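Notes to accompany the following structure.
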Amino acid sequence: MKRVEVQAAAATDVGLVREANEDSFLVAPPVFVVADGMGGHDAGDVASRIVVEEFERLAQDGYDATRGAEAIAETLLAAQLRIREYDAEQHAAGIPTSGAGTTAVVALLVEQDDGTAHWLLANVGDSRIYRFTDGELDQVSVDHSLVQELVDAGQLTAEQAVDHPERNVITRALGGTVLAEADYFLLPLGSAERLLLCSDGISGMIDDHQIAAVLARCEDPRDAADQLVAAALDAGGRDNATALVVDVVGLGEDTPYDSQAQRVSLEQKLGALP
């Protein structure tokens, strides 16, 4: 796969209402994650941190770029199992808890059969992924939420969903007894010049026009992430707010797979070589 050069940055804030920030994020090219924890402090923040830790492990250990969906699915399963273990430990210790849970959005660079690099995006819950290309903002992920189901069924308009009293009810999350299935989206790099991964503390406080305006005027992803969080706070900051912005800035030379180098590396890891 060609080497993909990216610039990325994230910003987060507890907001103006919540006592703790239960959001977590990961910027570890070629892996990017935002997780929005649920279940209260010492539950939601643990769950979101577990997701980030598992994807950080994926970034450090590496993955087969031609099997990105399997890598994401296996990592989500590992996170799910750890969250369940945490809940079991809490119950065993007699600590009352409503159960830890978290949403997650993931962006991973993968390789297609023709050798081209693509974005593989995944989401569980109502954290979102947007792409910003040629000045146009598109929501890529589809919310796993009650109001989204009502919108899809024609019982609610998108405008009505914004202020619906049950807008925070999600239908899929990591945690609990059943692993929620993620949705996956494959995008050519050229169709997604800039990605935004965010918690609903961003998308629930400022609309798509405001998000697009920030992404259009801020060339640096650091500035864009900071200003998106600031805008969410200016709008009321009812929730933890996290924004992660990723720009594709270039493609490097091909890096062909070197089976001999990979074999030596593995043997070194196992201690067979000095």
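Note that the structure is a prediction, hence the values are computed from the model and not measured.
- Side-chain contact, R128 with Y130: a donor N or O sits under 3.5 Å from an acceptor N or O.
- Residues A224 and V214 come closest through the heavy atom pair O-CG1, 3.7 Å.
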**Q.** Working for side-chain contact (heavy atoms from CB on, under 4.5 Å), residues V142 and Q148
**A.** CA-CA 8 Å; V142 178; Q148 184 62 52; 4.0 Å; yes

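- Y184 is not listed as a side-chain neighbour of L186, based on a closest heavy-atom distance of 4.5 Å or more.
- The 12-atom threshold is exceeded at CG of D114, counting heavy atoms of other residues, nucleotides or ligands nearer than 6.0 Å.
- Between S127 and S199, the shortest heavy-atom contact is OG-CA, 3.8 Å.
- Transitive grouping of hydrophobic side chains (ILVMFWY, heavy atoms separated by less than 4.5 Å) brings L121 and V6 into a common cluster.
- V124 and F25 fall within the same hydrophobic cluster, where Ile, Leu, Val, Met, Phe, Trp and Tyr residues are linked whenever their side-chain heavy atoms come under 4.5 Å apart, directly or through other members.
- Using modelled atom types, one side-chain atom of D87 and one backbone atom of A100 make a donor-acceptor pair closer than 3.5 Å.
- The hydrophobic cluster containing V245 does not contain L189, counting ILVMFWY residues as joined when their side-chain heavy atoms lie under 4.5 angstrom apart, directly or transitively.
- Shown here for L109 and Y63, the closest heavy-atom pair between the two residues is O-OH, 2.6 Å.
- Note that the CE atom of M205 and the CG atom of L16 stand 8.0 Å from one another [nearest 0.5 Å].
- Residue R131 holds its CZ atom at 14.0 Å from CG of L215, rounded to the nearest 0.5 Å.
- The main-chain N or O of T157 is found under 3.5 Å from a side-chain atom of Q160 such that the two form a donor-acceptor pair.
- The backbone N or O of D23 sits nowhere less than 3.5 Å from a side-chain atom of D36 that would complete a donor-acceptor pair.
- Atom CD of residue E219 and atom CZ of residue R194 lie 8.0 Å apart, to the nearest 0.5 angstrom.
- In this structure the side chain of I211 reaches within 4.5 angstrom of the side chain of I206, judged on heavy atoms.
- Criterion: ILVMFWY side-chain heavy atoms under 4.5 Å apart, direct or through other members. Under it, M38 and Y86 are not part of a common hydrophobic cluster.
- No donor-acceptor contact under 3.5 angstrom links the side chains of D223 and Q227, judged on distance only.
- By the side-chain contact (heavy atoms from CB on, under 4.5 Å) test, D207 is found to be paired with H209, Q210, residues two or more places apart in sequence or in another chain being considered.
- Inter-residue side-chain proximity for I129 and F185 is flagged as unmet; no heavy-atom pair is nearer than 4.5 Å.
- Closest approach of V34 and C198 over heavy atoms only: CG1-C, 4.0 Å.
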Q.
I'd like to know whether F32 forms a side-chain contact (heavy atoms from CB on, under 4.5 Å) with L26, so could you lay out the CA-CA distance, the side-chain angles of the two residues, the decisive distance to 0.1 Å, and finally the verdict.
A. CA-CA 5 Å; F32 306 90; L26 175 68; over 6 Å; no

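- Checked by atom type, the side-chain pair T102/S48 shows no donor-acceptor distance below 3.5 Å.
- Between the side chain of H144 and the backbone N or O of G125 there is at least one donor-acceptor pair closer than 3.5 Å.
- No more than 12 heavy-atom neighbours from other residues, nucleotides or ligands sit within 6.0 angstrom of CD on E181.
- Placement of L77 and L120 within a single hydrophobic cluster is found when ILVMFWY residues are connected by side-chain heavy-atom separations under 4.5 Å, directly or transitively.
- Residues L197 and V33 form no side-chain contact, since every pair of their non-hydrogen atoms from C-beta on lies 4.5 Å or further apart.
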(Q) Using the rule given for side-chain contact (heavy atoms from CB on, under 4.5 Å), can you reason through F55 versus L108, listing the C-alpha separation, both sets of side-chain angles and the distance that settles it, and then say yes or no? (A) CA-CA 10 Å; F55 277 98; L108 194 71; 5.7 Å; no

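- T75 places a side-chain N or O within 3.5 Å of a backbone atom of A71 that can act as its donor or acceptor partner.
- Distance alone, capped at 3.5 Å, places no donor-acceptor pair between the D200 side chain and the N168 backbone.
- Counting only heavy atoms from C-beta outward, the side chains of D143 and E149 never approach each other to under 4.5 Å.
- Nearest approach of L156 to H164, heavy atoms of both residues: CD2-CD2, 3.7 Å.
- When side chains are defined from C-beta on, V105 does not count as touching L244, because their heavy atoms never get closer than 4.5 Å.
- The distance from atom CZ of F132 to atom CG of D247, rounded to the nearest 0.5 Å, is 10.0 Å.
- In this structure, CG in D126 is found 11.0 Å from CZ in R167, a value given to the nearest 0.5 Å.
- Among all heavy-atom pairs drawn from A104 and V51, the shortest one is CB-CG1, 4.2 Å.
- With hydrogens and angles ignored, the 3.5 Å screen pairs no side-chain donor or acceptor of D138 with any backbone N or O of V140.
- R238 places none of its side-chain heavy atoms less than 4.5 Å from the side chain of R18.
- Checking D45, T12, D13 one by one against N21, the side chain to side chain donor-acceptor pair (under 3.5 Å) holds for a single residue, T12.
- Taking the side chain as every heavy atom from C-beta outward, R82 and E54 approach each other to under 4.5 Å.
- Rounding to the nearest 0.5 Å places OG of S141 at 9.0 Å from CG of D183.
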Q: Check the pair L179, L174 against side-chain contact (heavy atoms from CB on, under 4.5 Å), reporting the backbone distance first and the verdict last.
A: CA-CA 6 Å; L179 176 63; L174 296 171; 3.9 Å; yes

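- Side chain to side chain, Q7 and R222 fail the donor-acceptor criterion of an N or O pair below 3.5 Å.
- Environment of CD in E19: sparse, with no more than 12 heavy atoms of neighbouring residues, nucleotides or ligands closer than 6.0 Å.
- In this structure, R49 has no side-chain hydrogen bond (donor to acceptor under 3.5 Å, both in side chains) partners at least two apart in sequence or on a different chain.
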